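Per chain, numbering begins at 1; letters A, B, ... match sequence-line order. All of these numbers come straight from a predicted model, not from anything done at the bench.
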Amino acid sequence: MIPKELKPLADSVVEAKLPNGLKVRLLPSSAVPTVSFYTFFDVGSRNERPGITGISHLFEHMMFNGAKKYGPGAFDRTLESNGGSSNAYTSNDMTVYYEDFMSEALETVIDLESDRMRSLQVTPKMLKSEREVVIEERRLRVDNEIAGMLDEELGTLVWKAHPYRWPVIGWMKDIEAITREDCLDYFRTYYAPNNATLYISGDFDPKDALKLVKKYYGAIKPGPKAPPAVLDAEPEQKGERRAEVRHPAQAPTLMIAWRGPAAREHETLVLDVLQYVLSVGQSSRLVKSLVFEKEACVSVSIDWSWRKDPGAFVAAMELKPGADARAAEDALYAELERVMLEGVSERELQKAKNNLAAQLLRELGTNNGRAHALGHYEQLLGSWREGLALASRYETITSDQVKQIAAKYLKPARRSVVTLVPTAEAAA
Amino acid sequence: MKTAAKTKKKTAALQLRPLRLPDRTVTVLPNGLTVTIVERGPLPLVAVRYITRAGSVFDPADRLGLAELTARLLRRGAGGQGAEELAESVDYVGASLGAWAGEDSFGLSLNTPVAHFDAMLDTLARVLRRPDFPEHEVALARRRTLAQLANALDDPDDLADRALVAAVFGQHPYGHETIGSKAHVEAMTRNDLVRFHRERLVPQGAHLFVVGDVDGKRALAAIERVLGDWSGENSGQLAVPVWSELARSGDVVIVDKPEQTQAQVRIAAKGVYRGHPDHSALMVMNSVLGGSFTSRLMQEIRVKRGLTYGAGSHFDQLAHAGTFAVSSFTKTETVPELIDVALAEVKKMRAKGPKPDELSSAQRYISGLYPARLETNESIAAALADMALYGLPADWVDQYRERIAAVTVKVAAEAAARHLPDDDQVIVLVGNAEQLKPQVEGYGRVSVVPAAQLE
């Protein structure tokens with residue numbers, strides 16, 4: 001059930017589907033004279049295979065490098081000179097493009113976006129240059145950043161068969177090896193209108209906007225065939241998995257993960273509640289106990305990102321120089337065990353629910369936030385209405401459920417642990 | 001093509017729709033606290049922001065980092081309520097309450113569902129007026145801060161910015177980051193914090209902003225109830241010495257991180273203070289130089305040469321001084337190429353200014369997105385706070401786009417010539433010094449600093 005403060009938003013959404021399969025969601029609001037325009041493509045690193053890992057992300061970069069009408073450089077030049085800016089991101093499950101701009105530029109943006117969906121050009125020259133950019137991005141975020149190194153190692157521990165195993169940015173050798181033909185094939189398969197949804201939020205008349213969408217996107221042909229399904233062949237984990245990364249650093253760092261349920265499972269929401277109880281705010285269990293009482297670590301966080309297929313519940317701990325990583329791990333496990341045995345208090349439960357509800361409201365406070373939230377929920381839950389109704393679903397969660405789900409998923413035999421072991425060279 | 005031509009014509013005739021900050025009521029309480037209230041729905045949320053002139057620039061010379069350590073400790077016990085109980089009461093209702101120290105200002109911000117506004121305002125007032133600074137919490141905060149200072153040595157981007165601040169400002173009070181340094185944090189005691197709180201966190205001259213789904217009269221009454229009988233004026237040092245010159249002009253400072261395969265690159269020079277008369281001209285000019293994806297630096301370094309993932313330039317404008325810096329990164333071997341391209345672009349802009357089409361594009365880019373800065377309660381409170389803190393004119397926001405639109409090629413070129421560096425600059429690199437040093441000796445006096453020296 002959608003709560004009453006979100007009813008006006010839900011009622012204002014105009015939905016449409018073009019004959020070529022393109023889905024459209026319009027969210028009119030005149031609060032500020034700007035528009036956010038999101039395009040969600042149902043493709044991410046999950047749809048890749050060894051040898052072309054990272055192609056989703058590299059391709060995201062290529063989308064800014066010229067199409068038939070607007071050639072190399074013209075996309076951003078046109079957008080910026082019309083009072084707008086753009087960006088994009090690639091995740092394991094999806095590739096998302098967005099523009100924020102003054103409302104007068106809506107037609108121009110629709111023209112720009114439809115141009116690249118219809119007729120992206122992948123020239124050898126642009127591919128060569130963009131590949132170098134992505135390699136620098138990988139050096140920045142993975143090869144020269146501790147969190148990136150650990151995260152990459154963790155993925156290969158948690159998943160043995162599923163494509164979540166490789167990093168979204170891809171393996172270095174694969175980034176170097178992806179060909180122009182790989183890109184073109186990828187474009188034909190995944191960037192067809194029937195694999196995309198538009199979310200347009202802001203100051204416009206929905207009737208006019210829909211007319212423009214039909215005018216510019218209507219003639220784009222649907223993809224030749226539906227994208228191939230992704231098989232989740234992940235085997236059951238039969239014991240703890242551990243890895244070390246040895247690298248110059250001041251202090252040890254820990255990343256510990258447990259494979260969880262898929263986003264659409266109700267259990268995912270129970271883990272959301274658990275995540276808040278454990279790690280959101282200074283009064284959360286892990287922050288209170290590990291950071292302030294035991295000083296087992298300098299910071300602790302839990303990342304429970306919903307995914308289409310079963311994702312990972314990940315705890316990250318930053319330690320003090322010279323700290324004992326094993327002791328920090330044990331302190332974390334003791335807290336988890338407490339939840340598995342005793343559940344959580346009613347007050348903690350309500351606190352988590354209050355925060356999840358407030359978080360959703362804040363997310364919906366801007367044109368950009370609204371368009372993104374609806375897209376995110378529709379891609380992962382199957383419907384954006386489900387997203388707006390989340391607060392009422394969280395309300396039904398009980399302490400017993402939290403206890404059961406913690407016991408089911410966070411068992412020692414299901415965990416994967418990566419430790420950054422500082423090497424001697426870096427000792428200050 | 002037909003459509004593109006049509007679009008062009010349409011945008012050329014474009015008129016800016018008026019933009020106004022929402023109506024606000026301003027009340028100065030007898031204790032000198034200026035309270036500004038904006039009634040704004042539709043979401044049932046409220047943002048509150050307290051701001052006063054007590055940033056890290058005023059840190060005592062032997063206690064660099066004092067303002068920030070105080071900010072970290074305000075919530076760790078106040079008015080006899082322990083840290084845990086306090087945190088729980090805030091977290092429980094889905095609110096967030098934080099304190100921070102910037103270079104110029106010290107602030108508290110509260111975001112809360114409106115249903116809990118009164119209770120959370122009580123908490124904010126308690127934290128602001130009566131922090132306890134328990135000894136064990138002070139010791140703990142010190143240990144955590146020291147660990148963060150150490151661990152930051154593993155973040156190349158952070159290291160580059162630390163080294164930059166020191167290379168630019170030297171011994172000037174802006175010459176340290178808000179977190180301070182190891183030796184100073186180690187020396188801080190509870191007495192330092194108590195004194196900072198007594199001298200600096202006061203109502204006189206400070207501002208409180210409330211933006212959200214409140215009834216203005218009720219909100220003001222609630223504020224008077226919890227802050228009306230508060231008193232005090234800032235009795236600390238408030239003068240900031242004039243910053244005359246770049247501390248390490250002509251130098252190349254390499255922060256050594258032998259394991260890095262990529263080097264962080266910064267090129268810094270003097271800039272302008274916040275509210276400088278050349279502000280609009282500089283924003284437009286810098287947007288062309290390095291402030292957007294289509295900017296010259298991004299195009300030349302990333303798009304044309306594939307040397308990096310990110311490149312840009314920025315004027316950091318503080319209350320009493322400012323800096324200009326180019327920021328980027330590239331693999332160790334291509335550092336000189338990146339520096340050459342960046343310096344050439346800065347020189348070219350300094351000599352000739354932007355072209356007319358670049359200028360008009362930058363003006364649209366800045367203006368088109370400007371209204372989105374006023375979309376949330378928090379961002380409106382922040383804009384109002386900036387105006388108060390930096391003494392910006394009352395029409396700063398309402399007329400911002402008009403001032404941007406008034407910048408001509410000539411004005412932008414003059415601003416570039418006045419404020420971009422010729423040779424008066426410092427280069428900071430973070431990376432493998434052994435490989436970098438021979439490559440960059442032509443750019444100035446090279447010095448190598450071990451990363452640990454920046455702790």
Which portion of A:Ser129 sits near chain B, non-hydrogen atoms under 4.5 angstrom
both
Part of A:Asp115 within contact of chain B (heavy atom distance under 4.5 Å):
neither
Structural part of A:Asn65 lying under 4.5 Å from a heavy atom of chain B:
neither
Sort B:Ala95 into side chain, backbone, both or neither according to what part of it lies under 4.5 angstrom from a heavy atom of chain A.
backbone
Classify the ring geometry between B:Tyr400 and B:Tyr370 as parallel (under 30°), tilted (30 to 60°) or perpendicular (over 60°).
parallel
Would one find more than 12 heavy atoms of other residues, nucleotides or ligands at under 6.0 Å from atom CZ of A:Arg347?
yes
Using a cut-off of under 4.5 Å for heavy-atom pairs, which of A:Glu132, A:Glu5, A:Lys288 has the most such pairs with chain B?
A:Lys288
Proximity breakdown for A:Glu137 and chain B, heavy-atom pairs closer than 4.5 Å:
both
Indicate the atoms forming the closest heavy-atom contact of A:Leu254 with A:Ala328, along with that distance.
CD1-CB, 4.0 Å
Region of B:Leu369 in contact with chain A, defined by heavy-atom distances below 4.5 Å:
both
Part of B:Ser360 within contact of chain A (heavy atom distance under 4.5 Å):
neither
Below 4.5 Å from any heavy atom of chain B, which atoms of A:Val134 appear? Answer side chain, backbone, both or neither.
neither
Side chain, backbone, both or neither: which part of A:Ala31 has a non-hydrogen atom closer than 4.5 Å to chain B?
neither
With chain A, the option among B:Val303, B:Leu45, B:Leu86, B:Asp157 that has the most non-hydrogen atom pairs under 4.5 Å is B:Leu45
Residue A:Leu361 versus chain B: region with a heavy atom under 4.5 Å:
both
Which atoms of A:Phe64 are under 4.5 Å from chain B, going by heavy atoms: the side chain, the backbone, both sets, or neither?
neither
Does A:Arg77 make a cation-pi contact with B:Phe293, if we ask for NZ or CZ under 6.0 Å from the ring centre and within 45° of the axis?
no
So for atom NZ, which belongs to A:Lys294, do other residues, nucleotides or ligands contribute more than 12 heavy atoms lying within a distance under 6.0 Å?
yes
Scan B:Asn432, B:Val430, B:Asp155 and name whichever one has a side chain to side chain contact (heavy atoms under 4.5 Å, CB included) with B:Lys257.
B:Val430
Please look at A:Val298 and chain B and tell me whether the side chain, the backbone, both or neither of the residue comes under 4.5 angstrom of a heavy atom of that chain.
both
Under 4.5 Å heavy-atom distance to chain B, tell me which part of A:Arg362 shows up: side chain, backbone, both or neither.
both
With respect to chain A, which residue among B:Val90, B:Val93, B:Thr112, B:Thr330 yields the maximal number of heavy-atom pairs within a distance under 4.5 Å?
B:Thr330
Which answer fits B:Asn377, side chain, backbone, both or neither, if we ask what part of it has an atom under 4.5 Å from a heavy atom of chain A?
neither
If you count heavy-atom pairs within less than 4.5 Å of chain B, which of A:Val291, A:Val280, A:Thr78, A:Asn368 leads?
A:Val291
Max heavy-atom pair count under 4.5 Å with chain B, selected residue of A:Asn144, A:Val32, A:Leu319
A:Asn144
Of the listed A:Pro33, A:Ala358, A:Gly365, the one with the largest count of heavy-atom pairs under 4.5 Å with chain B is A:Pro33
Is chain B contacted by the side chain of A:Glu348, its backbone, both, or neither, given a heavy-atom distance below 4.5 Å?
neither
Winner by heavy-atom pair count (cut-off under 4.5 Å) against chain B, out of A:Gly83, A:Gly84, A:Ala251
A:Gly83
Test side chain to side chain donor-acceptor pair (under 3.5 Å) on B:Gln262 and A:Asp143 and set out the steps.
CA-CA 9 Å; B:Gln262 183 182 60; A:Asp143 304 326; over 6 Å; no
Short N-O contact, A:Glu130 and B:Arg302, less than 4.0 angstrom:
yes
Measuring heavy-atom distances to chain B, does A:Arg131 have an atom under 4.5 Å in its side chain, in its backbone, in both, or in neither?
neither
Check each atom of A:Leu79 against the heavy atoms of chain B and say whether the ones under 4.5 Å are side chain, backbone, both or neither.
neither
Hey, which of B:His136, B:Arg75, B:Arg144 has the most heavy atom pairs under 4.5 Å with chain A?
B:Arg144
Identify whether the distance between the nearest side-chain nitrogen and carboxylate oxygen of A:Lys215 and A:Glu107 falls below 4.0 Å.
yes
Spacing of CD belonging to B:Gln260 relative to CD belonging to B:Gln264, to within rounding of 0.5 Å:
8.0 Å
In terms of heavy-atom proximity below 4.5 Å to chain B, should A:Glu293 be classed as side chain, backbone, both, or neither?
side chain
